[in-house]
Amino acid sequence: MSIPFRSVTATDNGLTHLIVASPALPGTRPDELPAATLCGRAVAGEVEEHPAAVQCPRCLLRAPAFMGLPTYTVSL
């Protein structure tokens with residue numbers, strides 16, 4: 001099962017954060033990062049860390065509201 005979360009860094013702090021990319025959310029695309037994290041910070045870039053290991057407690061608290069959303073899939 002795929003999840004719609006990706007791990008990112010924010011421009012103003014060193015913690016890892018979560019973003020959501022889902023076809024159910026207007027303005028999100030599979031090939032672009034959203035402008036803000038779940039806690040509202042500006043996104044700096046993606047990191048190779050599993051979403052369950054992010055460090056931001058606010059992102060983790062907000063994540064359950066997005067868990068049921070569909071995710072983008074790759075079709076060949």
Side-chain angles (χ1 to χ4, degrees):
M1 178 178 180
S2 295
I3 56 174
F5 302 104
R6 289 161 56 188
S7 300
V8 297
T9 55
T11 57
D12 63 347
N13 91 8
L15 299 178
T16 52
H17 297 268
L18 290 174
I19 56 101
V20 177
S22 170
L25 296 173
T28 64
R29 298 177 43 143
D31 57 343
E32 292 181 10
L33 295 175
T37 64
L38 291 186
C39 68
R41 296 185 183 274
V43 173
E46 191 167 8
V47 294
E48 293 292 324
E49 186 169 332
H50 192 276
V54 299
Q55 300 162 327
C56 176
R58 289 186 70 195
C59 284
L60 292 172
L61 286 173
R62 293 179 179 184
F66 299 93
M67 285 184 178
L69 293 180
T71 188
Y72 291 103
T73 58
V74 176
S75 297
L76 301 175

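Treat the numbers as computed from the prediction; the structure is a model and nothing was measured. Hydrogens, waters and symmetry mates play no part in the numbers below; they use all other heavy atoms, side chains included.
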Exercise. Is any side-chain heavy atom of Val20 closer than 4.5 Å to a side-chain heavy atom of Thr28?
Worked result: no
For this session: Examine distances only and state if a side-chain atom of Ser7 and a backbone atom of Val47 form a donor-acceptor pair shorter than 3.5 Å.
Result: no
Problem set entry | Joint cluster assignment, Val8 & Val54, ILVMFWY side-chain distance < 4.5 Å | no
Exercise. What pair of heavy atoms forms the shortest contact from Thr37 to Ile19, and how long is it?
Worked result: CA-CG2, 3.9 Å
For this session: Calculate, to the nearest 0.5 Å, the distance between atoms CZ and CG belonging to Phe66 and Leu18 respectively.
Result: 10.0 Å
Exercise. Any sub-3.5 Å donor-acceptor pair from Ser22's side-chain atoms to Pro70's backbone N or O?
Worked result: yes
Show me the donor-acceptor pairs within less than 3.5 Å that the side chains of residues 56-63 make with the rest of the protein, sequence neighbours left out.
{"from": "Arg62", "atom 1": "NH1", "to": "Leu38", "atom 2": "O", "distance (Å)": "2.9"}

Seminar exercise, completed: When every non-hydrogen atom of His17 is compared with those of Leu15, the smallest separation belongs to CD2-O, 3.1 Å
For this session: State plainly whether one hydrophobic cluster holds both Tyr72 and Leu25, where clusters connect Ile, Leu, Val, Met, Phe, Trp and Tyr through side-chain heavy atoms under 4.5 angstrom apart.
Result: no
Seminar exercise, completed: Rounded to the nearest 0.5 Å, the CG atom of Asp12 sits from the CZ atom of Arg41 at a distance of 4.5 Å
Exercise. Looking only at heavy atoms, which two atoms of Arg6 and Glu32 are closest? And how far apart?
Worked result: NH1-O, 4.3 Å
Problem set entry | Side chain proximity check, Thr71 to Ile3, heavy atoms < 4.5 angstrom | no
